[in-house]
Amino acid sequence: MNVRKWLRISVELAIMIGAIVAIDVKWAGGTAFAAVNPNPLWLPVLVMALAYGSGVGLIAAGVATCYWIAMPHAGMALDDNPFHYLLSRSLPPLMWVAASVAIGELTYVRLRRIASLERLHARAMDDLTAATGAFRLASENAHALNIRIAMDEVGVGRAIEAAAGLFDTDRTRVPAVLARLIAMDAQAEDFTVYTPVGGRWRAFVQGPAAADRPDQLPQPLADAVLAVAQALIINDPAHGALLAETGVFALPVRDARGGGCGILMFHHLPPERFSRRGIIDLDAVAGRLGMLMTAIGVAEHHPRLQIAITSNAA
């Protein structure tokens with residue numbers, strides 16, 4: 001127990017004992033209620049034991065016993081049995097002590113039960129809060145998924161329409177069509193696809209938001225991207241310095257034989273795209289782009305197209 005609780009118990013016990021003593025001295029002749037049955041000194045013992053347990057009950061019994069012993073009692077008459085006289089004097093304190101222990105232990109059991117129920121209630125409230133949060137999150141995800149499904153259903157038609165442009169007789173439309181397909185697949189618009197032109201890596205396809213991005217990749221950066229199996233990420237200490245001037249996320253685009261036919265560079269992405277799921281999704285985008293570029297023969301059949309599109313290529 002803390003100090004404040006002990007202080008409160010002491011005040012309560014002092015008030016009860018003081019009131020009983022005052023009544024005894026004023027109206028009962030100061031005999032500790034020896035002729036009264038039940039003795040009012042039972043009251044603080046029962047109250048303390050019921051409220052706080054056997055420890056505080058024993059303290060109350062001790063205070064009541066001290067007052068009982070301190071007060072004068074009628075002497076033993078000549079015809080009184082000494083055993084009966086001693087029993088009448090000692091029986092109340094003994095009963096107070098026994099009652100404080102018995103009632104106090106029952107109080108401890110009750111208090112432990114209450115504490116256990118409070119813990120169960122707190123745990124149940126925590127579980128309810130967690131379940132409510134999970135239900136709310138699931139509802140939000142379901143709503144977002146429904147929107148995504150609806151958008152994807154619309155996007156399928158748009159993707160088919162855009163993909164048809166890859167086989168148009170006007171091959172100058174290929175970069176714009178690829179840019180549209182990549183933006184739909186990656187759900188991002190600030191990107192550039194670099195392809196090898198004249199020994200350098202030049203911009204072949206740019207997203208709608210990448211108009212002012214670099215037209216050429218530094219050779220060390222291109223070599224680093226092609227040397228890894230997965231992505232180069234800006235927050236990677238090993239490659240952050242290489243990406244700092246160009247973008248935040250770079251992926252190798254490989255053809256059907258595993259060769260590097262391009263580099264997909266994202267110049268800006270929201271933070272959630274750098275999660276494990278986001279990295280996997282963008283890696284899949286690069287994989288599909290590699291298959292698409294192989295299918296339309298960008299690397300093998302249209303080198304002049306690349307040079308024409310990258311106007312600064314030399």
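Side chains included, hydrogens not; waters and symmetry mates left out as well; all remaining heavy atoms used.
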*Between Q219 and D223, is any pair of side-chain heavy atoms under 4.5 Å apart?*
yes
*Do you reckon L41 sits in the same ILVMFWY cluster as L91, going by side-chain contacts under 4.5 Å, direct or chained?*
yes
*Run the side chain to side chain contact (heavy atoms under 4.5 Å, CB included) check on N39 and W96 step by step: do they pass?*
CA-CA 10 Å; N39 195 308; W96 294 334; 4.3 Å; yes
*Taking R273 for its side chain and L282 for its backbone only, find out whether a donor-acceptor pair lies under 3.5 Å.*
no
*So, do V47 and L43 sit near enough that their side-chain heavy atoms are less than 4.5 Å apart?*
yes
_Does any part of the side chain of R213, heavy atoms only, come nearer than 4.5 Å to the side chain of D190, both counted from C-beta?_
yes
Please set out all donor-acceptor pairs under 3.5 angstrom arising from side-chain atoms of residues 246-254, sequence neighbours excluded.
| from | atom 1 | to | atom 2 | distance (Å) |
| --- | --- | --- | --- | --- |
| R254 | NH2 | L226 | O | 3.0 |
| R254 | NH2 | V228 | O | 3.0 |

_Surrounding CZ of R277 (heavy atoms of other residues, nucleotides or ligands, distance under 6.0 Å), is the total greater than 12?_
no
*Would you say M265 and W201 make side-chain contact, with heavy atoms under 4.5 Å?*
no
*Does L111 belong to the same Ile/Leu/Val/Met/Phe/Trp/Tyr cluster as L120, with side-chain heavy atoms less than 4.5 Å apart forming each link?*
no
*Side chain proximity check, V56 to L13, heavy atoms < 4.5 angstrom*: no
_CG (D212) with more than 12 external heavy atoms under 6.0 Å_ = no
*Which other residues belong to the hydrophobic cluster containing V101, where Ile, Leu, Val, Met, Phe, Trp and Tyr are joined when side-chain heavy atoms lie under 4.5 Å apart, directly or via other members?*
L58, V97
_Straight-line distance of H121 NE2 to D126 CG, nearest 0.5 Å_ = 10.0 Å
_Shortest non-hydrogen contact between L243 and I233, atoms and distance_ = CD1-C, 3.5 Å
*Answer with yes or no whether the hydrophobic clustering places I69 together with F33; edges join I, L, V, M, F, W, Y residues whose side-chain heavy atoms lie under 4.5 Å apart.*
yes
*Hey, does the side chain of S10 reach the backbone of W6 with a donor-acceptor pair shorter than 3.5 angstrom?*
yes
*asked:* When you measure from the side chain of W42 to the backbone of P92, do you find a donor-acceptor pair of N or O atoms at a distance under 3.5 Å?
replied: no
*Give a yes or no answer on whether the side chain of T107 reaches the backbone of A49 with a donor-acceptor pair at less than 3.5 Å.*
yes
*Would you sort out whether Q206 and T192 count as a side chain to side chain contact (heavy atoms under 4.5 Å, CB included), showing the intermediate values?*
CA-CA 4 Å; Q206 288 189 312; T192 302; 3.6 Å; yes
*Could you tell me whether the side chain of R4 reaches within less than 4.5 Å of the side chain of L7, counting heavy atoms only?*
no
*asked:* Tell me if a side-chain donor or acceptor on D283 pairs with a main-chain N or O of A231 at a distance below 3.5 Å.
replied: no
*Say whether V63 and V25 are linked into one hydrophobic cluster, either directly or through other cluster members, by side-chain heavy-atom distances under 4.5 angstrom.*
yes
*Hydrophobic cluster identity match, Y67 and V36, side-chain contacts under 4.5 Å*: yes
